[in-house]
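The structure appears right after this line, and notes come after that.
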Amino acid sequence: MKLKKAKTLLDKINNLFASLTENPGKISAMERDLLLNYLRDLYDMVLEGDKAIVPDTATLQYQALLKEKEDTMRQLELAKAEAEKKAQAERLLREEAEKKAREELERQKLLEEAARKAAKQKEEEEKRRKAELEARLKIEEEIKLKAAREAAIKEAALKEAAIKEAALKEAVLKEAEKKVVTPDAKPTPPTSSAPAFDEDLEELFETGDAMDLSQKISMRPIKNIKKAISINDRLLFINELFNKDAPAMESVISAINDLNSFDQARLYLEQKVINQYNWVAKKRKKKAMEFIHVVRRRFL
């Protein structure tokens, strides 16, 4: 056996043991393994030096116990390392499971939030559509009521105009009866304030079945006859009703705009215009009725 090397190992063992005794509660795994290595080297050195010596029974038993203890310690270390490895693997699995659980919980929260937002958006959309529908129905109802009121006003105006025309006709007939010529009297020409009854003349002022659909639809009040007549109609009226005399038509329109009722306008036309320009003629009658229709709208 090499005593010098053995002494060196013993010194190392003593120094390390002295260091361990100073802090007995803080022995690290590295210090423990180093001490075991020193002891194992010393043990091997002693065995190597004593190969020629036949050990006795006690020595063999002691060596067997040491080897058994060393094997046990090694197995314990391996078992401890395996346990630590298993514990670390379990910890990793547990952490992974917890991570997946957190992710699943977060995903569920996101899904629930998206579902709440979608439900709220749907509810708001339903409210908006309902409000739009109610507003549209309200507008339609208002339009219907307005149309009904306008129709009633127009119907009342037409009835009033018919009554006034009937009264005017009756007045004209009565005036004609008063002017019946006696045998001894000379005929007196009719005054300008009560023109004689004429079917062609009456036809110009008819508002019943003689009025076509477009005239009925366009039966809206106006404030100024001149502005209500389009350029094309103005040219047609000038050429067909006023013998291409534009100033004459402007004068007639200006005079009618200053009157207070359609009855006054009718008397004005009968006295100043219709006979002068022969509106009862077949070729002018239709256009004359259109002009009188515009005049009627001035006094609705």
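Positions are given from 1 along the sequence.
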Before you tell me yes or no, could you show the steps for Glu270 and Leu201 under side-chain contact (heavy atoms from CB on, under 4.5 Å), namely the whole-Å CA-CA distance, both residues' side-chain angles and the distance that decides it to 0.1 Å?
CA-CA 8 Å; Glu270 290 177 353; Leu201 182 63; 3.8 Å; yes
Contact check, side chains of Arg234 and Met249, non-hydrogen atoms, under 4.5 Å
yes
The test is salt bridge (charged side-chain N to carboxylate O under 4.0 Å, His left out); show your working for Lys130 and Glu126 and say whether it passes.
CA-CA 6 Å; Lys130 185 178 179 181; Glu126 289 293 334; over 6 Å; no
Are Arg40 and Glu70 close enough for a salt bridge, meaning some N to O gap below 4.0 Å?
yes
Shortest non-hydrogen contact between Leu241 and Phe291, atoms and distance
CD1-CB, 3.7 Å
Going by heavy atoms in the side chains, are Lys138 and Glu134 under 4.5 Å from each other?
no
Where is the tightest heavy-atom contact between Lys223 and Arg298, given as atom of each residue plus distance?
O-NE, 3.3 Å
Side chains of Asp233 and Ser230, donor plus acceptor under 3.5 Å:
yes
Any Lys/Arg nitrogen of Asp71 or Lys67 sitting under 4.0 Å from an Asp/Glu carboxylate oxygen of the other?
yes
Closer than 4.0 angstrom, basic N to acidic O: yes or no for Glu290 and Lys287?
yes
Indicate the atoms forming the closest heavy-atom contact of Leu20 with Glu31, along with that distance.
CD2-OE1, 3.4 Å
Starting from Val252, can I reach Leu236 by hopping between I/L/V/M/F/W/Y residues whose side chains sit under 4.5 Å apart?
no
Establish whether Ile238 and Met289 are linked, either directly or via other cluster members, by ILVMFWY side-chain heavy-atom contacts under 4.5 Å.
yes
Is there side-chain contact between Pro247 and Asp245, with heavy atoms separated by less than 4.5 Å?
yes
Is the closest side-chain heavy-atom distance between Leu133 and Arg129 below 4.5 Å?
no
Tell me if a side-chain donor or acceptor on Arg297 pairs with a main-chain N or O of Ile222 at a distance below 3.5 Å.
no
Decide yes or no for Glu77 and Arg32: does some side-chain heavy atom of the first lie under 4.5 Å from some side-chain heavy atom of the second?
yes
Would you mind checking if Glu82 and Lys85 are paired as a salt bridge, meaning a charged N to carboxylate O distance below 4.0 Å?
no
Which atom of Phe299 lies closest to which atom of Leu259, heavy atoms considered
CE2-O, 3.4 Å
Between Thr21 (side chain) and Phe17 (backbone), is there a donor-acceptor pair under 3.5 Å?
yes
Any Asp200 side-chain heavy atom under 4.5 Å of Trp279 side chain:
no
Audit row: Leu9, Met45, side-chain contact (heavy atoms from CB on, under 4.5 Å) steps and yes/no
CA-CA 10 Å; Leu9 285 174; Met45 186 178 297; 3.6 Å; yes
Which Ile, Leu, Val, Met, Phe, Trp or Tyr residues join Met73 in one cluster when any pair of side-chain heavy atoms under 4.5 Å counts as a link?
Leu76
Where Arg266 and Glu202 come nearest, the two heavy atoms and their spacing:
NH2-OE2, 2.6 Å
Mind checking whether Leu36 and Leu34 sit in one hydrophobic cluster, side chains of I, L, V, M, F, W, Y counted as touching below 4.5 Å?
no
Inter-residue atom distance Ile292.CD1 - Leu204.CG, 0.5 Å rounding
4.5 Å
Residue pair Asn278 / Arg284, side-chain heavy-atom distance below 4.5 Å:
yes
Are Lys109 and Glu104 close enough for a salt bridge, meaning some N to O gap below 4.0 Å?
no
Determine whether a donor-acceptor pair (N or O, by modelled atom type, separation under 3.5 Å) exists between the side chain of Arg107 and the backbone of Arg102.
no
Scanning both residues in full, the closest heavy-atom pair of Tyr268 with Ser251 reads OH-O, 4.4 Å
Ile253 vs Ile229 side-chain heavy atoms within contact, under 4.5 Å
yes
Using a strict 4.0 Å threshold on nitrogen-to-oxygen distance, state whether Glu123 and Lys127 make a salt bridge.
yes
What do you reckon, is NZ of Lys272 surrounded by more than 12 foreign heavy atoms closer than 6.0 Å?
no
Step by step, work out the salt bridge (charged side-chain N to carboxylate O under 4.0 Å, His left out) result for Glu113 and Arg116.
CA-CA 5 Å; Glu113 183 66 21; Arg116 283 195 298 270; 2.4 Å; yes
Side-chain donor/acceptor of Thr72 to backbone N/O of Glu68, under 3.5 Å:
yes
Is Lys226 paired with Glu250 through a side-chain N to carboxylate O contact shorter than 4.0 Å?
yes
Centres of the Phe242 and Phe237 rings: under 6.0 Å?
no
CD/Glu142: more than 12 non-hydrogen atoms of other groups inside 6.0 Å:
yes
